[in-house]
Amino acid sequence: MTETSAITPAAPSHDSRPTRVRIAPSPTGDPHVGTAYIGLLNYLFATQRGGQFVLRIEDTDRTRFVSTSEQMIFDALKWVGLTWQEGPDVGGPYGPYRQSERTEIYREHVEILLANGTAYKSFETAEELEAMRQSQIAAKMPPRYNGAHRELTAEQIAAFEAEGRQYTVRLKVPATGSTTFRDELRGEITFDHNNVDDQVLMKSDGFPTYHLANVVDDHLMQITDVIRAEEWISSTPKHVLLYNAFGWELPKFWHMPLLRNIDKSKISKRKNPVSLNYYRESGYLPQAMLNFLGLMGGGMAQPTEQEIVSKGLNTKEGDIFSLAEMIEKYDFARISLGGPVFDLVKLKWLNGEYIRKQSPDEFFATLRSTLFSDAYLRAVGSLIQTRIENIGQFGDMTGFLFSDNVMPPDIVWIPKKREPADTIKFAEEQLTTLEAAAWDLDSITAALKALGEAKEWSVKENFMLLRAILTGSTTSPPLVESLIVFGKARTLDRMRRFIAFQKLPKRS
RNA sequence: GUCCCCGUCGUCCAGUGGUCAGGACAUCGCCCUUUCACGGCGGUAACACGGGUUCGAAUCCCGUCGGGGACGCCA
């Protein structure tokens with residue numbers, strides 16, 4: 001076990017087994033476009049092969065758990081039109097599909113690893129480890145567990161446990177050699193073992209980390225193909241080592257290129273709207289979103305010049321296709337590995353194409369189910385009923401709720417006694433505060449007031465700034481109520497756009 | 001800092017040894033039009049660089065450079 005190299009068999013044959021794939025989002029906030037992207041790919045892969053698509057909730061991190069998140073993930077995936085055969089909501093033969101309900105399973109599996117010597121208990125505290133990491137970084141060393149507890153004797157372990165010290169269980173990565181695995185899109189990838197850290201598999205709270213839970217569940221749920229984002233490549237050797245430690249057959253790995261911001265960095269909410277709620281609430285059509293996601297990565301064959309001519313296609317039609325067409329034509333072998341920029345400009349164009357394609361009746365139905373739904377109008381109405389004298393004034397007071405671009409002039413948003421730079425800085429703090437807030441009257445109000453007190457911004461300045469950002473004006477219906485009606489995803493996006501715009505170098 | 005992945009117009013894709021390197025979005029110009037949008041027509045714009053291999057490289061190999069990701073008791 002110490003000396004060597006665990007070479008993965010080149011291509012394990014799963015041909016006899018039915019295709020089973022999965023997505024495994026974690027409920028830590030708003031549903032993410034990346035989840036829909038990887039979800040679409042998994043859905044296509046399974047559907048094309050007559051296989052099963054499983055939805056598994058990875059809720060092993062209690063500190064980041066958001067209770068409303070799971071339902072939002074279901075809703076968002078259904079909104080774009082994806083369906084799954086097994087999951088927490090629909091059940092299935094390999095459940096439970098929520099990792100927090102599988103802790104006993106992980107515990108049993110950790111015992112196996114502890115017994116066969118492929119994992120060990122480590123008694124350092126989180127603080128000790130953090131200090132170690134910092135000093136390594138400061139010394140320009142790769143941060144890595146130093147292996148202090150790799151070879152504890154039974155007596156030492158007993159002594160630590162007698163003290164009542166908590167421990168984590170770590171993977172005992174072989175000291176020498178390397179692990180090679182096959183990525184179906186890239187070929188063989190090798191990692192030298194001295195570049196693979198002794199990953200924590202079970203936290204001191206008894207919950208597994210992603211790495212353990214993911215491997216155990218994928219095996220138990222008979223997953224044949226792991227289709228996930230590229231960011232997982234560097235932890236794949238740990239997963240391979242785990243499969244080997246259990247003596248399990250490996251699934252095939254397909255690492256998809258990462259969606260990017262305009263500056264090419266991994267897509268993130270600071271630089272791009274990433275919440276599916278935002279797209280839904282801003283009036284993007286689900287077909288357009290799905291189509292756009294299908295465009296990312298190049299899996300859809302573009303029509304050849306001959307086809308365009310012979311079928312009399314409009315050239316842009318090559319970029320427009322439905323889920324059904326993707327099922328028919330999407331080809332994983334065609335995927336290009338450069339990370340695609342999630343370009344809002346093209347998404348908007350595509351969405352416009354879908355809107356124009358609707359019949360008047362369909363368009364009316366779209367309006368009635370979104371911006372002009374009974375529920376939305378009722379909520380908006382309650383904001384302004386006492387404030388208008390004739391219905392014609394409706395738009396005067398609610399325009400900001402029906403517009404996409406609201407940018408207040410300087411006189412409106414900069415408080416008399418504040419500098420622009422400080423004001424923007426405070427707006428950023430409001431943003432951070434609201435990101436973390438539950439979206440109800442009391443939570444928002446309390447969070448905002450607490451922030452104002454901490455930063456010494458009066459309630460008036462505080463709320464006025466937010467009002468300016470949200471409505472573009474100094475006059476509006478009650479602020480927090482308006483925030484709630486407008487929705488969290490759109491509010492945060494509006495704030496981010498305001499901040500980004502104000503930070504742009506001003507031309508005089 | 002270490003390891004891994006990637007590299008065609010500004011962006012998304014086509015191209016798998018021989019093409020004037022193609023399409024879409026964006027952008028620019030013209031047309032249509034009471035406005036705006038749509039639509040039509042046209043233009044600008046790319047093989048990161050350097051070595052090989054080859055009669056011939058965007059396509060194959062090597063190096064450099066550039067970009068990205070990972071390095072958590074997060075996923």
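Just so it is clear: chains get the letters A, B, ... in the order the sequence lines come, proteins before strands, and each one is counted from 1. Any value given below was found using the heavy atoms of this structure, including those in side chains, with hydrogens, waters and symmetry copies removed.
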For this session: Pick base, sugar-phosphate or nothing for A:Ser204, based on heavy-atom distances below 4.0 Å to the nucleic acid.
Result: base

Seminar exercise, completed: Across every strand shown, the nucleotide meeting Watson-Crick or G-U wobble geometry with B:rU2 (both distances under 3.5 Å) is B:rA70

Exercise. Heavy atoms under 4.0 Å, any strand shown: does A:Arg228 hit a base, just sugar-phosphate, or nothing?
Worked result: nothing

For this session: Please indicate whether A:Met407 has more than 12 foreign heavy atoms, meaning atoms of other residues, nucleotides or ligands, lying under 6.0 Å from its CE.
Result: yes

For this session: Indicate the ring-plane relationship of A:His239 and A:Trp232, choosing parallel, tilted or perpendicular according to the 30° and 60° boundaries.
Result: tilted

Exercise. To the nearest angstrom, how far is A:Asp343 atom CG from B:rC13 atom C1'?
Worked result: 12 Å

Problem set entry | Minimum-distance nucleotide (side-chain atoms of A:Lys316 versus B:rG39, B:rG67, B:rC5) | B:rG39

For this session: Select base, sugar-phosphate, or nothing to describe what A:Thr168 touches, counting heavy atoms under 4.0 Å on all strands.
Result: base

For this session: Under 4.0 Å between any heavy atoms, over every strand shown, what does A:Phe191 touch: base, sugar-phosphate, or nothing? Just pick one.
Result: sugar-phosphate

Exercise. A:Val341 side chain: which of B:rC12, B:rC6, B:rG68 is closest?
Worked result: B:rC12

Seminar exercise, completed: With the side chain defined as heavy atoms from C-beta on, A:Ile189 is closest, among B:rC71, B:rA75, B:rC4, to B:rC4

Problem set entry | Contact under 4.0 Å: A:Arg144 side-chain N or O vs B:rU2 OP1/OP2 | no

For this session: Find which nucleotide of RNA chain B each of A:Ser336 and A:Tyr210 is nearest to by heavy atoms, and output the residue with the more 5' nucleotide.
Result: A:Ser336

Exercise. So does A:Glu435 pair up with A:Arg496, basic N to acidic O under 4.0 Å?
Worked result: yes

Seminar exercise, completed: Checking N1-N3 plus N6-O4 or O6-N4 for Watson-Crick, or N1-O2 and O6-N3 for wobble, each under 3.5 Å, the partner of B:rC32 is none

Exercise. Can a cation-pi geometry be assigned to A:Arg22 and A:Phe53, taking NZ or CZ under 6.0 Å from the six-membered ring centre and within 45° of the ring axis?
Worked result: no

Exercise. What distance, rounded to whole Å, do you find between the two P atoms, one in B:rG10 and one in B:rU44?
Worked result: 14 Å

Seminar exercise, completed: Residues A:Asp197 and A:Pro143: closest non-hydrogen pair is OD2-O, 4.4 Å

For this session: Start with the C-alpha distance between A:Ser265 and A:Asp263, add both sets of side-chain angles, then the distance that settles side chain to side chain donor-acceptor pair (under 3.5 Å), and finish with yes or no.
Result: CA-CA 6 Å; A:Ser265 54; A:Asp263 64 2; 2.6 Å; yes

Exercise. In whole Å, what is the span from the CE atom of A:Met256 to the P atom of B:rG69?
Worked result: 18 Å

Problem set entry | Euclidean distance for P, B:rG40 against B:rA45 (whole angstrom) | 24 Å

Problem set entry | B:rC41 to B:rC47 separation - P atoms, rounded to the nearest Å | 28 Å

Seminar exercise, completed: Quick note, A:Leu258 side chain, CB onward, closest among B:rG23, B:rA75, B:rG69 is B:rG69

For this session: Please determine, for the side chain of A:Lys346, which listed nucleotide (B:rC25, B:rA75, B:rU11) has the closest atom?
Result: B:rC25

For this session: Tell me whether the OP1 or OP2 atom of B:rC73 has a side-chain N or O from A:Arg133 closer than 4.0 Å.
Result: yes

Seminar exercise, completed: d(A:Leu290 CG, A:Leu40 CG) to nearest 0.5 Å is 5.0 Å

Exercise. How would you label the contact of A:Gln99 with the nucleic acid (heavy atoms, under 4.0 Å): base, sugar-phosphate, or nothing?
Worked result: nothing

For this session: Please lay out, stage by stage, how A:Arg186 and A:Glu230 fare under the test salt bridge (Lys or Arg N to Asp or Glu O under 4.0 Å).
Result: CA-CA 11 Å; A:Arg186 287 161 253 259; A:Glu230 191 179 5; 3.6 Å; yes

Problem set entry | Residue matched to B:rA48 through Watson-Crick or wobble contacts both under 3.5 angstrom | B:rU64

For this session: Ignoring backbone atoms, establish whether A:Lys264 has a side-chain N or O less than 4.0 Å from OP1 or OP2 of B:rC6.
Result: no

Exercise. Any side-chain N or O of A:Lys348 under 4.0 Å from OP1/OP2 of B:rC12?
Worked result: no

Seminar exercise, completed: Interatomic distance, CZ@A:Arg356 vs CG@A:Asn351, rounded to 0.5 Å, equals 9.5 Å

Exercise. Applying a 3.5 Å limit to both distances, which nucleotide forms a Watson-Crick or G-U wobble pair with B:rU59?
Worked result: none

Seminar exercise, completed: From the candidates B:rU2, B:rG72, B:rC12, the one with an atom nearest any side-chain atom of A:Pro143 is B:rG72

For this session: Tell which nucleotide pairs with B:rC25, taking only Watson-Crick or G-U wobble pairs whose two distances are both under 3.5 angstrom.
Result: B:rG10

For this session: Output the distance between atom CD (A:Gln199) and atom OG1 (A:Thr209), rounded to the nearest 0.5 Å.
Result: 5.0 Å

For this session: Using heavy atoms to find the nearest nucleotide of RNA chain B for A:Glu353 and A:Lys266 separately, return the residue whose nucleotide is more 5′.
Result: A:Glu353

Seminar exercise, completed: Rounded to whole Å, CG of A:Asn195 lies from C1' of B:rC3 at a distance of 5 Å

Problem set entry | Gap between atoms CE and C1', on A:Met202 and B:rC73 respectively (whole Å) | 11 Å

Problem set entry | Nucleotide B:rC4, atom C1' - distance to CD of A:Glu230 in whole Å | 9 Å

For this session: Whole angstrom is fine here: how far is it from NE2 in A:His239 over to P in B:rA75?
Result: 10 Å

For this session: Ignoring backbone atoms, test whether A:Arg334 places a side-chain nitrogen or oxygen under 4.0 Å from the OP1 or OP2 oxygen of B:rA14.
Result: yes

Problem set entry | Proximal nucleotide (of B:rA75, B:rC73, B:rG1) relative to the A:Pro142 side chain | B:rG1

Exercise. Which whole number of Å gives the distance between the C1' atom of B:rU8 and that of B:rA14?
Worked result: 10 Å

Seminar exercise, completed: CZ (A:Arg56) and CZ (A:Arg98) are apart, to the nearest 0.5 Å, by 13.5 Å

Exercise. Checking all strands, does A:Gly352 fall into the base, sugar-phosphate, or nothing category for heavy-atom contacts under 4.0 angstrom?
Worked result: nothing

For this session: Using a 4.0 Å heavy-atom cut-off across all strands, classify A:Pro340 as base, sugar-phosphate, or nothing.
Result: sugar-phosphate

Problem set entry | Rounded interatomic separation in angstrom, taking CG from A:Asp198 and C1' from B:rA70 | 17 Å

For this session: Nearest whole angstrom, please: distance from the P of B:rC38 to the CD of A:Gln358.
Result: 17 Å

Seminar exercise, completed: From the candidates B:rG68, B:rA70, B:rG1, the one with an atom nearest any side-chain atom of A:Ser265 is B:rG68

Problem set entry | Among B:rA75, B:rG1, B:rC6, the one nearest A:Glu231 by side-chain distance | B:rA75

Problem set entry | Any A:Thr209 side-chain nitrogen or oxygen under 4.0 Å from OP1 or OP2 of B:rG72 | no

Exercise. B:rA46 and B:rC9: how far apart are their C1' atoms, nearest whole angstrom?
Worked result: 4 Å

Exercise. Between A:Trp79, A:Tyr354, A:Tyr279, A:Trp349, which is the residue that forms a ring pair (Phe, Tyr, Trp, His ring centres under 6.0 Å) with A:Tyr284?
Worked result: A:Tyr279

For this session: Tell which nucleotide pairs with B:rA37, taking only Watson-Crick or G-U wobble pairs whose two distances are both under 3.5 angstrom.
Result: none

Seminar exercise, completed: Contact check, residues 119-130 of chain A vs RNA chain B, heavy-atom distance under 4.0 Å, returns A:Glu124, A:Thr125, A:Ala126, A:Leu129

Exercise. NA contact type, A:Met300, heavy-atom cut-off 4.0 Å: base, sugar-phosphate, or nothing?
Worked result: nothing

Problem set entry | Sugar-phosphate only, base, or nothing, as touched by A:Arg356 at under 4.0 Å among non-hydrogen atoms | sugar-phosphate

